2 protein chains.
Amino acid sequence: MIIRIDELSDVPIYMQIRNQIVMGISSGELAAGEQLPTVRALAMEIGINTMTVSKAYQLLKTEGYIMTDRKNGARVRTQIQKKGSIPESNKTELRRIVSEARISGVEKAEIIALVDEYWR
Amino acid sequence: MIIRIDELSDVPIYMQIRNQIVMGISSGELAAGEQLPTVRALAMEIGINTMTVSKAYQLLKTEGYIMTDRKNGARVRTQIQKKGSIPESNKTELRRIVSEARISGVEKAEIIALVDEYWR
DNA sequence: GCCGTGTATTGCGCGATATAATACAAAAGT
DNA sequence: ACTTTTGTATTATATCGCGCAATACACGGC
């Protein structure tokens, strides 16, 4: 899986990595049990520090998305815990996005279409 | 309009203010041309620094949501520019939210319902 | 042993955030 | 004219998150 970092973004690098892996799992690009690149390999590939990748992996581990194993590296968890609800922070974010789109004249159907697209 | 600040949030205070005003405009709670509280009044009410509120107002002004006038204070713009498209950053955020929800076992209909709710 | 994992540590620099304390320019009220 | 109130600018300070650098450690295969 290819990780792309946007240096202009205000989202921290370790968060961008975390987010892209989460989206990869959701889309199926990253299968359950699949090997993730090693922290050093990914850091080298992207051109960033090792600890930054490690920070992303630790976050993913804490959130239950992946498992880290000495010495097999990191793998996508086969059993990911399902909370079954959307956290308040994400609801607030969604509301902000919807509000901004509405004000700027975007059709509601367009947002629904995006949700549909990202759901696959 | 009542502004509530979550000190535990990682979202900066000035950004929380900005977001809530944008959502207020979208929902209609803040009508076009409506007076906003003065920076000092809002700062006093929330219990924060004056410049923090000013920073939120400056951002809203730059984005075209409000107008600031010496000495009438700040008002919601009557003509807000409609870009007509969703910025990439918001699309990425939306995709992240959808992905996380999907993994955690949330139904797609639930997200659609939230979009519907926030759209009003 | 050796090597490759993730991880911990220490230190550093940088920028964003938020505060405090003043001060200023402009417009309205008296 | 003077005062008041508005947003805004300035200067300084403290804190925190982020990212990097350089090392080192614990563990488990080979």
Side-chain angles (χ1 to χ4, degrees), chain A residues 1 3-21 30 33-78 89 92-93 96, chain B residues 1 3-21 30 33-77 89 92 96:
Chain A
M1 181 189 185
I3 306 284
R4 297 183 202 281
I5 300 301
D6 180 8
E7 318 85 13
L8 301 180
S9 172
D10 54 336
V11 181
I13 298 178
Y14 81 95
M15 206 57 162
Q16 292 188 42
I17 298 174
R18 176 266 181 197
N19 289 342
Q20 290 185 39
I21 291 180
L30 289 177
E34 181 167 340
Q35 279 281 351
L36 293 177
T38 67
V39 290
R40 288 176 179 81
L42 185 52
M44 178 76 76
E45 178 187 344
I46 306 180
I48 61 173
N49 191 276
T50 312
M51 294 311 297
T52 304
V53 180
S54 177
K55 195 172 179 180
Y57 279 15
Q58 287 182 56
L59 179 55
L60 287 163
K61 179 182 175 184
T62 302
E63 293 177 316
Y65 288 114
I66 68 172
M67 284 185 48
T68 67
D69 197 5
R70 289 195 179 89
K71 117 113 183 190
N72 286 328
R75 289 194 231 90
V76 178
R77 290 197 64 163
T78 50
S89 55
T92 305
E93 268 296 282
R96 177 190 63 79
Chain B
M1 182 188 185
I3 307 283
R4 298 184 202 281
I5 300 301
D6 181 8
E7 317 85 12
L8 301 180
S9 172
D10 54 336
V11 180
I13 296 178
Y14 81 96
M15 207 56 165
Q16 291 189 40
I17 297 174
R18 177 266 181 197
N19 290 342
Q20 291 186 38
I21 290 179
L30 289 177
E34 182 169 337
Q35 280 281 350
L36 293 177
T38 67
V39 289
R40 289 175 179 82
L42 186 51
M44 178 77 75
E45 178 187 344
I46 306 180
I48 60 173
N49 193 275
T50 311
M51 295 310 297
T52 305
V53 179
S54 177
K55 195 172 179 181
Y57 278 17
Q58 287 182 55
L59 179 56
L60 287 163
K61 179 182 173 184
T62 302
E63 293 176 316
Y65 289 114
I66 68 173
M67 284 186 48
T68 66
D69 196 7
R70 288 196 179 91
K71 116 111 184 189
N72 286 328
R75 291 193 229 89
V76 178
R77 290 197 65 162
S89 55
T92 305
R96 178 191 62 80

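Naming convention: chains lettered A, B, ... in sequence-line order (proteins, then strands); numbering from 1 in each chain. The shown structure was predicted, so the numbers you read here are calculated from the model rather than taken from an experiment. Scope of the values below: all heavy atoms of this structure, side chains included, with no hydrogens, waters or symmetry mates.
Between Y14(A) and dC18(D), a side-chain N or O to OP1/OP2 separation shorter than 4.0 Å is present. Between T52(B) and dT19(C), a side-chain N or O to OP1/OP2 separation shorter than 4.0 Å is present. Taking 4.0 angstrom as the limit, N49(B) places none of its side-chain polar atoms (N or O) nearer than this to OP1 or OP2 of dA18(C). For dC18(D), one of the phosphate oxygens OP1 or OP2 lies less than 4.0 angstrom from a side-chain nitrogen or oxygen of K55(A). Neither OP1 nor OP2 of dT5(D) sits under 4.0 Å from any side-chain N or O of T38(B). Taking only side-chain nitrogens and oxygens, T50(A) never comes nearer than 4.0 Å to OP1 or OP2 of dG6(C).
The nucleotide whose nearest atom lies closest to any side-chain atom of V39(B) is, among dT19(C), dG19(D), dT8(D), dT8(D). With dC3(C), dA28(C), dT8(D) as the candidates, the nucleotide lying closest to the side chain of K71(A) is dC3(C). With distances taken from any side-chain atom of P12(A) to the nucleotides dC18(D), dT7(C), dT17(C), the minimum falls on dC18(D). Candidate nucleotides dG19(D), dA25(C), dA9(D) were compared by shortest atom distance to the side chain of R70(B), and dA25(C) ranks first. Taking only side-chain atoms of S54(A), from C-beta outward, the nucleotide of dT19(C), dC20(D), dT7(C) with the closest atom is dT7(C). Comparing dA8(C), dA9(D), dA24(D) by their closest approach to the side chain of R40(A) singles out dA24(D).
Atom CD1 in I66(B) sits roughly 8 Å away from atom P in dT8(D) (whole-Å rounding). In this structure, CE of M44(A) is placed 13 Å from P of dG6(C), rounded to the nearest angstrom. Nucleotide dA21(C) holds its P atom 16 Å from the CD1 atom of I48(B), rounded to whole Å. Between the CG atom of D10(B) and the P atom of dC16(D) there is a distance of 15 Å, given to the nearest Å. dG17(D) atom C1' lies 17 Å from atom CE of M15(B), rounded to whole Å. With rounding to whole Å, M67(A) atom CE is found 17 Å from dC27(D) atom P. For the pair K61(A) NZ and dA8(C) C1', the interatomic distance rounds to 12 Å; values are reported in whole Å. Put simply, CD1 on I5(B) is 12 Å from C1' on dA18(C), counting in whole angstrom units.
The closest side-chain donor-acceptor pair between S89(A) and E93(A), if any, does not fall under 3.5 angstrom. If you check the side chains of Q58(A) and S54(A), you find a donor sitting under 3.5 Å from an acceptor.
Within a 6.0 Å sphere centred on CE of M67(B), heavy atoms belonging to other residues, nucleotides or ligands number 12 at most. Within 6.0 Å of CE in M44(B) there are 12 or fewer heavy atoms belonging to other residues, nucleotides or ligands.
Side-chain atoms of Y14(B) and L59(B), non-hydrogen and from C-beta on, do get closer than 4.5 Å to each other.
In this structure, OG1 on T68(A) lies 10.5 Å from CG on L36(A), to the nearest 0.5 angstrom.
Each of M51(A) and V11(A) lies near DNA chain D, and the nucleotide nearest V11(A) is the one positioned closer to the 5' end.
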